[in-house]
Amino acid sequence: LSSPFEYNRSYDLTFEIGIPDACDSIHNFVINHSFIYDNCPISAEIQSDFPSVCLGGDVLVWVEVEGCLTYTYSWNNGLPSTPGPHLVSPTSTTTYVVTITEVETGIQSTESITIEVEDIEITTPPQDWCLTGGILVLEANGPGFWFGQGITNSIAGTFDPTLGLEGINILYHVSNACVDSIEIEV
């Protein structure tokens, strides 16, 4: 060959061969063969700008493809047939699936990503709390950590009014994707 084969490309080969017989006569043959050299697999990965999102929030999803030819994309959930990015606003934890098809060979690859949706909110109502009222245990409807002036345990959500501010204390509960706040007046 004058040059090596390129991956995922069609080839038309013509072989001209001469085969001698027992009487030293040469019999010429022409052999034609077409094939696709498809040893270049599709390497794809779905990505997102965040693995989780707060309820009502948006996240971008897209697929990155490495290969040798051209591709079409078929997403579930009604997303356009492009690699993205696509802005999505899931209302619950959602798995996005894309099927990538190599146009020239028909080879397919299916990839997926799950975006977790968090619906975290503080369940302790805003309130007035006396300086001598003792520790107030704050509660939220999901995991996370607490911070703000007067928080003494960020996991348990304990608020000590003697360490807080006189007046309004804004306290925060933070999960992977969400932040909620509460006002406690001392």
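Numbers for residues simply follow the sequence, beginning at 1. Bear in mind that the values here come from a model prediction, so they are computed numbers and not experimental data.
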Mind jotting down which residue pairs meet the side-chain hydrogen bond (donor to acceptor under 3.5 Å, both in side chains) criterion with at least one end in residues 130-152? Sequence neighbours excluded, please. T152-T158
With V179, which residues qualify under side chain to side chain contact (heavy atoms under 4.5 Å, CB included), at least two apart? Y172, V174
Answer with yes or no whether the hydrophobic clustering places F145 together with I182; edges join I, L, V, M, F, W, Y residues whose side-chain heavy atoms lie under 4.5 Å apart. no
Listed by chain and number, what are the side chain to side chain contact (heavy atoms under 4.5 Å, CB included) partners of H33, not counting sequence neighbours? F35
Exercise: identify the closest heavy-atom pair between L131 and T162: O-CG2, 3.6 Å
Just wondering, do N32 and L13 contact through their side chains at under 4.5 Å, heavy atoms? no
If you apply the rule side-chain contact (heavy atoms from CB on, under 4.5 Å), what do you find for H173 with I120, and how did you get there? CA-CA 9 Å; H173 183 264; I120 304 292; 3.4 Å; yes
Give, for atom CD of E183 and atom CG of D128, the distance between the pair rounded to the nearest 0.5 Å. 10.5 Å
Decide yes or no on side-chain contact (heavy atoms from CB on, under 4.5 Å) for I151 and L138, but give the supporting numbers first. CA-CA 10 Å; I151 294 293; L138 303 170; 3.8 Å; yes
Intermediate values then yes/no, side-chain hydrogen bond (donor to acceptor under 3.5 Å, both in side chains), S34 and D12: CA-CA 4 Å; S34 297; D12 295 314; 2.4 Å; yes
Check whether any side-chain N or O of N77 sits under 3.5 Å from a backbone N or O of L79 as a donor-acceptor pair, and report yes or no. no
Side chains of S181 and L171 in contact at under 4.5 Å (non-hydrogen atoms): no
Value rounded to 0.5 Å, distance of CD1 in I100 from OG in S43: 9.0 Å
Working to the nearest 0.5 angstrom, can you tell me the gap between S52 OG and E118 CD? 4.5 Å
Have T114 and T95 got a donor and an acceptor in their side chains that come within less than 3.5 Å? yes
Kindly indicate whether the side chain of V53, heavy atoms from C-beta on, has any atom under 4.5 Å from the side chain of V88. no
Here the pair of heavy atoms bringing D180 nearest to E121 is OD2-CA, 3.2 Å
4.5 Å side-chain heavy-atom contact, F147 and S154: no
Between N153 and G157, is there a donor-acceptor pair closer than 3.5 Å when you use the side chain of the first and the backbone of the second? no
Looking only at side chains, do E102 and T70 share a donor and an acceptor under 3.5 Å apart? no
Is there a side-chain contact between Y71 and V103 (heavy atoms, below 4.5 Å)? no
Side-chain donor/acceptor of T93 to backbone N/O of V117, under 3.5 Å: yes
Are V186 and I122 joined in one hydrophobic group, where the rule is that I, L, V, M, F, W and Y side chains link up if heavy atoms are under 4.5 Å apart? yes
Is there a continuous path of hydrophobic side-chain contacts, each under 4.5 Å between heavy atoms, that joins I26 to V30? no
From CA spacing to verdict: side-chain hydrogen bond (donor to acceptor under 3.5 Å, both in side chains), T110, Q108: CA-CA 7 Å; T110 300; Q108 292 186 327; 5.8 Å; no
Once you round to the nearest 0.5 Å, how far does CD1 of I168 lie from CG of L165? 10.5 Å
Residues V59 and S48: closest non-hydrogen pair is CG2-CB, 4.2 Å
Side chains of V97 and E111: closer than 4.5 Å at any heavy-atom pair? no
If hydrophobic clusters are built from ILVMFWY residues whose side chains come within less than 4.5 Å, do I19 and I31 share one? yes
Answer yes or no: is there a side-chain heavy-atom contact under 4.5 Å between Q127 and I184? yes
Find out if a path of hydrophobic residues (ILVMFWY) with successive side-chain heavy-atom gaps under 4.5 Å connects V65 to V61. yes
Between OG on residue S109 and CD1 on residue I42, distance to nearest 0.5 Å: 5.5 Å
Gap between atom CD of E16 and atom CG of N28 - 0.5 Å precision: 8.0 Å
Go through the steps for W129 and E185 under the test side-chain contact (heavy atoms from CB on, under 4.5 Å), then give the verdict. CA-CA 6 Å; W129 196 257; E185 187 165 353; over 6 Å; no
Hey, does the side chain of D119 reach the backbone of L55 with a donor-acceptor pair shorter than 3.5 angstrom? no
Mark yes when over 12 heavy atoms from residues, nucleotides or ligands other than Y73 sit less than 6.0 Å from its OH; otherwise mark no. yes
Measure the shortest side-chain to side-chain distance between E116 and N176 over non-hydrogen atoms and say whether it is less than 4.5 angstrom. no
Going through the checks in order, is the side-chain hydrogen bond (donor to acceptor under 3.5 Å, both in side chains) test met by S74 and T99? CA-CA 5 Å; S74 178; T99 300; 5.5 Å; no
Which pair of heavy atoms, one from P161 and one from C130, lies closest together, and at what distance? CG-O, 3.6 Å
Counting distance only, does the side-chain N/O of W62 pair as donor-acceptor with the main-chain N or O of D49 below 3.5 Å? no
Of the non-hydrogen atoms in P143 and S175, which two are nearest, and what is the gap between them? O-CB, 3.5 Å
